[in-house]
Visitor: 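Once you've had a glance at the structure underneath, I'll fire off some questions.
Convention: sequence-line order gives letters A, B, ...; per-chain numbering from 1.
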2 protein chains.
Amino acid sequence: MKRITIREVSEKAGVSTAAVSYVLNGRHSKVSADTIEKVQRAAQELNYIPDFSARSLANNSSKLIGVVIPQTEDRKQLLLQNPFYSELICGIESQLRQSGYHMILSGVEKGEGYLDTTMQRNLDGAIIMGVYQESFYDDLKKVNMPIVLIDSYIYDRHFHVVGIDDELGGYMAVNHLIENGHTNIALVTGTIRKDGVVEKRFLGYKRALKEAGLFYNPDHVFEHSVTYEYGYEAGKLIAAEHPEITAVFATSDQMAMGVMRGVREEGKDVPEHISVIGFDDISFARMSTPPLTTVDQDIISRGMKAADCLLSAIQNKGKELPSEPTIMPLALVARDTVRKLQ
Amino acid sequence: MKRITIREVSEKAGVSTAAVSYVLNGRHSKVSADTIEKVQRAAQELNYIPDFSARSLANNSSKLIGVVIPQTEDRKQLLLQNPFYSELICGIESQLRQSGYHMILSGVEKGEGYLDTTMQRNLDGAIIMGVYQESFYDDLKKVNMPIVLIDSYIYDRHFHVVGIDDELGGYMAVNHLIENGHTNIALVTGTIRKDGVVEKRFLGYKRALKEAGLFYNPDHVFEHSVTYEYGYEAGKLIAAEHPEITAVFATSDQMAMGVMRGVREEGKDVPEHISVIGFDDISFARMSTPPLTTVDQDIISRGMKAADCLLSAIQNKGKELPSEPTIMPLALVARDTVRKLQ
DNA sequence: TTGTATGCGTTATCAC
DNA sequence: GTGATAACGCATACAA
């Protein structure tokens, strides 16, 4: 299919290429109504489609947004199997497309850094999910483009952050358990890194305990990787060797599902013997057996919000945007995995 | 961060920009070893990163691949919540990135068509998942680029198809049920469209029945949308009003999970009262309760294969590639939702 | 208001 | 082998 250029449009309309460019870019103040009319018709009839590569070259603006998501450790694959990221992407893409932007979705090579892609593609901005090593962020600061971070507690004037109050979320979850009469509550979680989201949730766990006058028992935190498999291990352990535990807060829904499986494998039931609450409210949470009680963060909205933030940062190029993080709301969704004691 | 251009590299190396271009593009036959050395060092020291927009303009090749995935009907969001697509994307992205390509992931507006994006971005190729209306494919044929279809039975010389033998898959599933002594087997499925994947699976269902000398009963096919929710409805219906049915084949894992839920809601159990088998083996299949027996199509491999096909088609520009579809293998994964009768 | 001419960074076509 | 230089398609400063 042959490419229609701006020149052909200009010839058909009987005006200059400059005029065409003005009209098509909405610089209506620079052209007469008559020209606008002619150009628009010509463009229409020829079915003119601008070439973004050329535009990018002339403008230094590509209408391209980089979206980075973590990869699995072993194989070099995106962590997209985690519905949390999928749903985030849904939200992001929908907003971007409606604004005429496109999304380049990719993981990031361990050695290389993301700088290459950024420079090669003249990205207008980027949304980074997950947590990476320091050097990655240093790279990011060098390129002069708006960047939105998701799931990060790195507060730096170079970045906008769209987050949730993870500490509160942890608190809400554990408090719900406490309100239902539980006093021996385990925490099943991924590695607790300084300033990571799980650390905050962990802090919320401790605060809820403390406020209720309950004793924090380090033996009741099961910490490893954020996977269904580890949840399963932890669930078995809890059911088999910790008869005192009546409830567990898992810091992700997938882990919660693993816990339920593990508990069951040891001949106990959820929620009869052990109550479980998760975090995120991924779409599968409601499909689990029994349907999982969890802390809902409206993931898709969060993705949309991140995109919105980025777009407005791009538009306000130059003007500093407020550097306070955007905090999305949380809600406790009570389904069937928490039992009221007594 | 300032952009280093090819000109600066050429100056530093003391050669022409043409020489730099030759070296960097591996046209080593056109330059002396000495120049190669100098250019490489200069590029290294300056940390030169080529601009793909410029390259795209000069070459008419963008190193950009369009990946299209269906959207939800209601809101304009990607169907990425469906792990089937997520996993496909994982496979695709990993292969593309390793070959120096990037992926533009997007849905497609109902009215617009995909032509715009294609032309705007000078896409080198595209991978299309799902099924669309005729006009969409007509558009696709107009642009002269390699295209790979996933989940489609459109055999046209313009497209490569990376598929599975859906008929066989359906057959395998139902046959497994029959081997376990079931004779009244329901089918729970999305809308059966002519030449769609579910139609093939439906055909496999019927063939298995027939070969086993069983009677095909239209009342035992529950056909609506490919959702957890519909699976749930169907499951309830089956458990409540069809005591003769002892097993169901759901044409997607998500539907199967819904069926299980529905069955349970009516006071029956899986697999004690009703056996269930799914299709796809999404990552959540093993996490369901009980773990779901299903027909596994290695989704990630399929994504990788699709990317490989596309890349080799791009490289062989001009030469026709074999137009027979690539068929990926299937495997029955027996977990805990099918009970042996008697 | 309109058109001309130039630059954006690369590659490719030539002469040398 | 090597190096000017003209495309590629678009936007824009400047001249008209």
Visitor: Between Asp151(B) and Arg302(B), does any NZ, NE, NH1 or NH2 come within less than 4.0 Å of an OD or OE carboxylate oxygen?
Guide: yes
Visitor: Per the end-axis method with five pairs at each terminus, what is the bend angle of the helix from dT1(C)-dA16(D) to dC16(C)-dG1(D), to 10°?
Guide: 50°
Visitor: Do NZ/NE/NH1/NH2 and the carboxylate oxygens of Lys2(B) and Glu8(B) come within less than 4.0 Å?
Guide: yes
Visitor: For the backbone of Pro50(A) and the side chain of Gln120(B), can you confirm whether one donor and one acceptor N or O come within less than 3.5 Å of each other?
Guide: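 Side chain of Gln120(B) to backbone of Pro50(A), a donor-acceptor pair under 3.5 Å: no, none is there.
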Visitor: Look at Lys38(A) together with Asp34(A) and state whether they make a salt bridge at an N to O cut-off of under 4.0 Å.
Guide: yes
Visitor: Determine, for nucleotides 8-16 of chain C in 5'-to-3' order, which nucleotides have protein heavy atoms under 4.0 Å from the base (write B), from only the sugar-phosphate (write S), or from neither (write -).
Guide: BBBSBB---
Visitor: Could you give the CD-to-C1' distance, from Glu11(B) to dG3(D), as a whole number of Å?
Guide: 13 Å
Visitor: Is there a donor-acceptor pair under 3.5 Å between the side chain of Ser86(A) and the backbone N or O of Leu80(A)?
Guide: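 The answer is yes, because a donor-acceptor pair under 3.5 Å joins these two groups.
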Visitor: State, to 0.1 Å, how close Asp124(A) and Met145(A) come at their nearest heavy-atom pair, and which atoms those are.
Guide: O-CB, 4.0 Å
Visitor: So does Asp308(A) pair up with Lys305(A), basic N to acidic O under 4.0 Å?
Guide: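 No, this pair does not count.
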Visitor: Within the 4.0 Å heavy-atom criterion, would you say Thr35(A) contacts the bases, only the backbone, or no part of the nucleic acid?
Guide: sugar-phosphate
Visitor: Test your reading of the model: is there a side-chain donor-acceptor pair from Asp156(B) to the backbone of His158(B), 3.5 Å cut-off?
Guide: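 A pair under 3.5 Å: yes.
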